[in-house]
Amino acid sequence: MDTYLIEKDFKNLLKEQASYREAIMLAHWDMSTKIPKNGIEQRSEVVGFLSEKLHQIETSEKMKYFIDVLKDSTENEVMKKTIEECEETYERNRKIPNQEFKEYVMLQTKSESIWQEARENADFSLFQPYLEQLVDYNKKFANYWGYEDNIYDALLHNFEPGVTTKTLDHVFPELRKSLTSLMDKINGSTHKPDASVLTGHFPKKDQEAFSVEVLKRMGYNFTSGRLDETVHPFAIALNRNDVRVTTRYDEKDFRMAVFGTIHEGGHALYEQNINSELINTPLATGTSMGIHESQSLFWENFVGRNKAFWESHYELFKSHAPAHFQNVPLDDFYRAVNEVKPSFIRIEADELTYPLHIMIRYELEKALINGEIKVKDLPGLWNEKMNNYLGITPPSDKEGVLQDIHWSGGDFGYFPSYALGYMYSAQLHNTLTQEINLDEIITKGDFNQLRNWLTKNVHQYGKMKKPLEIIEDVTKEKLNPEHLVNYLMKKYSSIYQL
Ligand code: ZN
């Protein structure tokens with residue numbers, strides 16, 4: 001058979017894979033937004049069944065055949081990268097014995113519901129035996145996959161290929177030192193914002209109306225997407241023509257919904273603007289969790305928490321907001337939404353303390369996977385680190401070690417992506433502002449130029465480029481935490497008059 005025909009068969013197999021993936025994601029979206037409570041159990045089984053089918057294709061002999069035949073014969077760049085991606089998935093998945101994979105998937109589902117219960121009751125002991133097993137599986141898998149320096153690198157690779165503990169252990173302490181010293185200065189400032197001006201009853205439908213308008217202005221395409229309500233906000237791409245956003249409304253505090261929607265909108269724009277040539281290949285998605293986060297954080301922080309944004313959007317905001325905002329001057333409002341205050345919950349943290357939350361999780365999970373600490377000691381160690389890094393101690397494990405869902409799904413190596421994404425976004429911002437007057441276009445409320453820049457430099461590639469390749473190609477330097485520090489110094493020096 002000639003290469004052309006083989007490629008055609010291979011594309012059919014890719015399409016089959018993409019169809020399973022889409023069905024799984026649609027089921028996930030449904031389970032987080034619309035499903036009646038009694039439907040959850042059977043739907044979980046359906047997801048399990050479909051995941052197994054997908055896993056079978058990824059590790060099939062047929063897949064291996066296509067990889068072997070096409071690897072060196074194809075001329076097409078997209079096909080080459082697709083084969084690379086499929087080969088990596090094949091190799092990694094084949095290293096895990098089938099039986100163990102099945103047991104692990106069942107453990108994941110079970111652990112998530114146990115974690116929920118443990119969190120609601122602030123009872124870590126319920127979750128502990130499950131977490132112990134999840135850690136054991138991850139250690140086992142990491143050994144199957146292999147690593148050079150640190151066993152944790154094998155897990156990190158799943159979320160941020162190319163980044164290692166060596167890099168993180170270099171940039172995180174540097175970042176922590178700068179952030180802590182900035183925080184000390186802020187604590188000593190006598191010019192503090194007053195966040196109490198932001199509270200008051202803000203009906204859900206009004207928050208929604210404002211959020212929808214902002215998403216539209218960002219360039220989020222509602223004909224290829226939709227906005228729904230959920231407990232934990234997320235964005236999900238079924239394919240580039242169906243990218244959905246969810247948000248959460250708190251009628252006492254609009255910040256969750258407004259900044260959350262802008263954040264998820266940033267994720268969604270990435271997926272909506274991936275090159276259409278990549279459709280139905282495993283390359284048609286964001287290249288890593290970190291680069292994804294760089295896009296959401298860019299919009300949330302560099303746009304949504306920017307003074308220029310509120311200069312152009314405050315009138316619109318007030319037209320949806322409770323009456324008392326009419327008496328809140330723009331400057332007070334801007335400073336209030338940028339208040340720095342150590343808090344227990346990661347997803348509610350301000351721009352400055354956020355990376356410290358991530359470092360705590362990184363250090364703990366790295367130590368867990370390396371066998372340096374035990375699961376049962378996590379709550380105590382968590383509180384100790386919170387106290388060291390942020391100067392506060394959670395009142396219970398609900399606001400402490402149990403707050404995030406990631407470990408319950410077996411996701412170890414994921415958290416660093418959040419801080420990496422933040423550093424990436426600051427580095428991209430530094431380059432972008434040399435080419436574009438960002439404040440000027442934000443003041444005009446016209447985001448086309450910004451979105452086009454991000455599409456040209458990041459979005460379009462999907463997984464055609466690796467995370468660090470994107471950063472180095474665009475910014476012409478390696479990962480550099482200084483850009484984030486400089487940005488925060490400049491911003492908070494003005495807000496707190498340091
Ligand atoms: Zn995000």
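Counting starts at 1 for both ligands and their atoms, in listed order.
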Anything under 30° is parallel, anything over 60° is perpendicular, the rest tilted; go ahead and classify [X] against [Y].
{"X": "F202", "Y": "F254", "result": "tilted"}
{"X": "H313", "Y": "F447", "result": "parallel"}
{"X": "W407", "Y": "W382", "result": "perpendicular"}

Which is the closest N/O/S atom of H263 when seen from the Zn ion (ligand 1)?
NE2

is_close_aromatic(Y152, Y362), centroid dist under 6.0 Å
yes

I'd like to know: is the Zn ion (ligand 1) within the 2.8 Å range of an N/O/S atom from H292, strictly under that distance?
no

Suppose you place the vertex at the Zn ion (ligand 1); what is the angle out to H267 NE2 and E293 OE2, to 10°?
120°

